[in-house]
Amino acid sequence: MTIHMFLGQIVIGISLAANLFLVASGLTIIFGLLRLINFAHASLYALGAYFCFTVSGWTGNYWMGLAASCFATMILGAAIEIGLLRRIYKSEHILQLLLTFALILAFTDLTKLVWGPFPVTVRLPAALSGVVLLSGNPIPVYCFFLIGLGLAVGLGLYLFMYRTKWGAVIRTAAYDREMTSALGVNVPRLFTAVFILGAGLGGLGGGIAAPLTTIIPDMGMLIIIDSFAVIIIGGVGSLMGAVVGSLIIGIWGAIGLLIVPQFAMVFTFVLMGIILLIRPWGIFGEKF
Amino acid sequence: MAALLCTVAILAALPRILPKFYILLVGSILIYGLFAMSFNVLFGYAGLLSFGQAGFFAAGAYVTAYVLKQMPSSGMSILLGILLSLCLAAILSLVVGIVCVRLSGWVFAMVTLAFGQIIYTVVYKWRDVTGGDDGLYGIPVPKLGFPGMEIDLKASFHHYYFILFVVAASVVVLRIIVRSPFGNTIRAIRDNPTRAQFIGLNIRNYRLGAFVVSGVFAGLAGALFSPYKGIASPELANWAFSANPVIMSLIGGTGMFVGPLVGALAYRLLEHFIAIYTGYWMLFFGIVLILSVLFFPRGITPYLHQGIRRLDKGIRRMRSAT
Amino acid sequence: MKEGKWVGSRWFITMLVALSLAIVPCVSLAETAPIKVAHVGATSGIFSSLGVGGKQAMEIWESMVNAKGGILGRPVKVVYYNTSAKPANGIEMLKKAVYEDKADFIISTDSSGVVLASYPIMKELKKVYISGTGAAEAMQNTTNRYCFHASHSSRTFGYAMAMLLHEKYPNIKKVIGVNPDYAWGRAVWAAFKDSFRKFQPAAEFPLELWPPFGTLDFKPYVSQIMALGDLNQCAIHTSLWAGDQVTFDKQGKAFGMFDKIGVFLDDSSTNLAVETALGADGVTGWGTSHYSYIYNSPSNGEFVKAWQAKFGKTTLPTSSAGGTFRACQFLQAAIAKAGKVDTDAVIKALEGLHLEDTVSGPSYIREWDHIVITAMILGEATKDPRYPYFTWKNPYIIKAGDVEKIIPKEEFKGWRGNQ
């Protein structure tokens with residue numbers, strides 16, 4: 001394998017990382033503030049893809065579909081948070097885990113009920129089809145779009161979290177809920193807002209993935225383990241951690257398959273295990 | 001103790017009342033119940049949530065399946081299989097436990113999940129030994145026993161009694177463990193680890209002990225599972241399978257010793273009856289779980305227990321009035 | 001958390017007895033009038049396109065049979081079970097079907113893994129079991145009298161594709177393999193390589209890729225393929241199927257792979273399912289199948305017509321649907337020939353049974369390995385104005401007699417493990 005090929009594979013790995021980042025960032029933001037491991041994120045991802053499929057089918061326009069994948073999941077996220085999650089914030093963590101797990105089960109079947117069990121696809125928008133030659137390797141234009149979008153979202157989230165008032169409020173509330181509430185912030189509404197944001201990111205991740213993947217009811221289950229690995233390795237609650245974690249897993253996903261195709265899968269779990277043992281809060285997480 | 005004997009007596013009588021398929025169902029409920037109880041030793045009594053117990057279950061299932069396939073005609077093979085399963089489960093849980101007991105909370109849960117997935121990947125990839133994604137099927141169920149005193153496990157009643165016996169014995173052993181000084185110490189550590197350390201207890205060793213007990217009994221459940229079902233397949237090691245004892249314990253109630261058993265019964269019955277009416281059983285089951293988390297967070301056993309107590313009181317009152 | 005206490009034994013007993021009694025009334029009594037056929041299939045999960053197609057075929061068969069008066073004057077009732085392609089579920093559903101619901105016969109549409117795991121159980125259940133799909137060579141069985149296989153083996157797939165490549169594209173000597181890393185992928189690719197080498201002594205295999213089962217993203221693999229120099233002199237052979245192939249095809253298209261290669265060989269048997277998902281963005285190339293709608297036979301004409309009447313004018317029966325229907329055709333004929341619904345009699349009737357008119361033409365069941373020998377149909381996927389996806393033209397048919405020669409008795413080596 002030449003250096004050129006290697007370079008090509010790395011770029012592909014970065015595009016995988018970008019997709020993963022969208023999903024993982026939603027998960028980590030929700031955990032950062034709500035201290036909730038949201039298994040249902042997997043369903044929001046899948047539903048994002050399905051909403052994209054339906055709306056781009058109606059309108060004939062992928063971009064409308066992408067917008068739908070983001071906004072529709074935000075609405076769904078609001079419903080879940082207000083209707084269900086609010087009641088269990090005070091419960092034990094295991095009950096919260098179980099609730100979000102129950103949500104994946106229910107949503108997977110609901111998806112099957114509404115859209116059927118067969119795979120469906122979304123058309124690659126014409127504006128983004130075609131390849132770009134990168135030192136001899138053809139790379140789909142869409143990969144660069146993914147990378148670009150990942151960067152934009154990452155930058156946007158960073159600016160929001162660290163340069164705006166509301167970002168500061170969220171970070172403070174993540175650090176100390178009660179104090180923030182005592183200072184007059186409506187924390188429950190903040191929780192809802194953050195959950196909506198996280199849900200939207202997950203749904204967007206699904207909509208973005210749609211044109212270059214197959215949409216099936218179980219697609220959320222497949223990406224959720226990778227997302228967990230990302231935030232555990234990178235550090236829960238940390239945006240930088242989500243970036244770095246996604247890059248590690250994404251690039252490894254592209255390169256590892258060439259070096260050790262049989263055991264690429266195990267490496268992710270081994271890495272996850274190692275991090276949990278020597279530095280359980282992840283590379284960029286906050287010590288607890 | 002009396003209640004245990006009565007329960008066993010009723011379960012033993014079931015083959016005469018229920019048709020064959022339901023006996024198979026009850027047998028599998030017993031096995032799942034044991035699995036759930038092993039989980040609850042770690043969760044309810046030691047306060048540690050593990051998402052990787054399926055790894056030990058699968059270890060037990062595969063070892064027994066392998067032994068039975070290698071020695072299909074020996075009377076000792078199923079006992080040997082169970083013994084080796086317990087050994088492997090003990091070794092694995094010791095190794096994983098040593099690594100994990102330094103942690104707690106959700107980090108502990110994630111590490112056990114990671115280890116469970118590693119076991120899953122090994123089982124899935126190691127085609128030569130585990131059959132890969134096909135699993136080990138066609139497991140012969142031989143006669144059990146020593147020459148001169150043999151029980152033919154092929155007759156499904158006999159196999160059911162065997163399972164009933166092993167599970168009942170395990171429940172007794174677990175009860176003894178949980179009521180012992182070791183059990184009390186575990187619970188003290190769960191309730192207040194800092195104070196336990198101050199008293200001078202080595203909480204890591206105790207937690208390791210609980211982890212190994214849990215892993216060994218999970219392995220035993222697995223060892224009973226594969227001959228009974230006729231197959232050992234990789235998904236028995238997957239994290240989704242690890243969720244089963246968690247759900248069963250929670251539905252039944254983790255605060256009571258028999259909670260997980262009741263939970264296993266409820267879960268399997270629900271699964272069976274919902275599946276008859278709809279192909280979308282995950283939807284209904286998800287709804288049931290959500291309702292149970294919202295309205296029955298301590299599981300159904302406390303309510304059953306209360307209900308029985310009230311009935312009991314009511315009847316006593318009636319009797320003393322007459 | 002409090003420790004629980006054992007309650008007064010009286011009430012505990014009452015509770016348990018009550019629970020037990022609750023279960024008993026739900027036992028269903030066996031009906032003696034209709035012939036019960038259980039359909040055990042993977043109707044959910046990754047293999048669902050397989051299982052659902054089979055279920056749909058069963059629905060059509062059931063109504064067709066009953067419209068013509070049933071079998072031996074008795075109506076047919078199909079009961080459906082879902083295995084989610086998990087072998088442990090497969091076994092449990094079989095026991096449920098036979099012990100609880102008193103099924104007389106079993107037809108399955110499932111992954112090879114589930115089918116093989118089911119074989120030993122049939123010896124205990126003592127009912128006829130015919131699988132409509134699945135291609136493991138282990139399904140050629142000489143030790144289990146209850147089990148029959150109504151579709152092609154992986155060897156036939158690989159061989160047929162090699163034969164087609166050599167005949168239609170004699171100038172292509174290089175083949176790139178992209179096959180899933182598990183039993184199916186390995187078996188098909190091995191059979192293809194062996195056969196192609198025999199047809200084409202100068203055969204070369206410049207790249208052999210093995211994406212693990214469950215791979216979400218094939219871009220790293222496509223990228224490797226694109227790095228090869230002379231793609232237009234290469235064929236790509238893949239046995240990736242259903243959803244996985246859809247992803248591979250979409251990603252390959254994004255790289256412009258399909259414009260560069262010589263020919264695309266879809267050796268997965270699921271070409272229709274793949275093209276249906278891709279829609280207008282379909283992929284041209286040749287595909288193999290357990291069954292194809294383009295085959296011209298009276299019963300196939302009837303089957304396709306009934307399918308479109310029930311499921312829509314723009315739908316077509318898939319490979320697994322046809323394979324399942326074929327299994328039903330054999331079952332029906334065997335019961336009629338045996339004259340009774342007795343397992344042993346039907347087994348005897350099935351062995352050696354010749355049917356002139358099946359959905360894939362004249363076919364028969366080999367006595368010694370219980371396999372249905374039938375035509376292997378390949379086709380070229382192309383744009384079709386009648387359908388919103390690519391359909392097959394130019395059928396390339398390997399007749400049953402020639403399929404027999406691909407898996408002859410002399411080369412049967414016997415299989416590991418018991419069946």
Side-chain angles (χ1 to χ4, degrees), chain A residues 31 35-37 39-40 43 80 83-85 87-88 90-113 117 217 221 224-225 228-229 231-232 236 262-282 285 288, chain B residues 43-44 47-52 96 98-100 102-122 124-127 238-240 242-243 246-247 249-251 254 278-299:
Chain A
F31 185 85
R35 294 275 173 250
L36 175 76
I37 297 184
F39 276 125
S43 298
I80 295 174
L84 292 171
L85 294 178
R87 296 167 204 258
I88 57 157
K90 299 250 184 328
S91 309
E92 295 171 38
H93 281 297
I94 187 174
L95 289 175
Q96 296 173 7
L97 269 178
L98 210 62
L99 187 77
T100 57
F101 185 75
L103 279 171
I104 315 184
L105 294 182
F107 275 129
T108 309
D109 261 3
L110 262 175
T111 314
K112 246 179 261 176
L113 200 64
M221 300 286 242
I224 197 75
I225 292 280
F228 275 127
I231 64 174
I232 285 174
V236 274
Q262 302 287 34
F263 293 103
M265 232 160 91
V266 199
F267 267 58
T268 312
F269 296 119
V270 171
L271 188 59
M272 201 168 127
I274 291 175
I275 294 276
L276 281 169
L277 293 173
I278 51 182
R279 203 187 151 90
W281 46 90
F288 43 68
Chain B
F43 182 68
L48 298 167
L49 170 59
S50 164
F51 252 106
V96 175
I98 289 178
V99 162
C100 292
R102 306 190 282 138
L103 313 158
S104 59
W106 69 266
V107 182
F108 181 87
M110 287 292 129
V111 184
T112 52
L113 181 110
F115 272 110
Q117 287 304 97
I118 292 176
I119 295 180
Y120 171 73
T121 313
V122 169
Y124 195 89
K125 292 280 183 191
W126 202 3
R127 253 208 108 76
N238 200 13
W239 69 276
S242 284
V246 182
I247 294 174
S249 299
L250 278 159
I251 293 180
T254 55
T278 169
Y280 297 104
W281 94 270
M282 278 205 300
L283 176 61
F284 288 99
F285 184 66
I287 294 178
V288 165
L289 261 184
I290 292 174
L291 291 174
S292 113
V293 164
L294 291 175
F295 303 117
F296 293 98
R298 283 165 58 223

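We name chains A, B, ... by the order of the sequence lines, and we start the count at 1 in each one. The figures here come from the full heavy-atom set of this structure, side chains too, leaving out hydrogens, waters and symmetry mates.
Between A:F39 and B:W239, the ring-plane angle classifies as parallel under the 30° and 60° cut-offs.
Contact annotation for A:L84: both backbone and side-chain heavy atoms come within less than 4.5 Å of a heavy atom of chain B. Contacts between B:I290 and chain A at a heavy-atom distance below 4.5 Å involve backbone atoms as well as side-chain atoms. Looking at A:L95, the atoms closer than 4.5 Å to chain B (heavy atoms on both sides) sit in the backbone and in the side chain alike. With a 4.5 Å cut-off on non-hydrogen atoms, B:Y280 touches chain A through its backbone and its side chain both. Residue contact with chain A, scored on non-hydrogen atoms closer than 4.5 Å, is absent for B:A109.
A:L36 contributes atom CG, which lies 6.0 Å from atom OG1 of A:T100 (distance to the nearest 0.5 angstrom). Between the CG atom of A:L113 and the CZ atom of A:F107 there is a distance of 13.0 Å, given to the nearest 0.5 Å. A distance of 9.5 Å separates CD of A:Q96 from CD1 of A:I37, quoted to the nearest 0.5 Å.
Atom CZ of A:F31 sits in a crowded spot, with more than 12 heavy atoms from other residues, nucleotides or ligands closer than 6.0 Å. Residue-environment remark: CZ (A:R279) exceeds the threshold of 12 foreign heavy atoms within 6.0 Å.
When B:V122, B:L113, B:V246, B:I118 are compared by the number of non-hydrogen pairs under 4.5 Å with chain A, B:I118 comes out ahead. Between chain A and the residues B:L289, B:L250, B:L283, the largest count of heavy-atom pairs under 4.5 Å involves B:L283.
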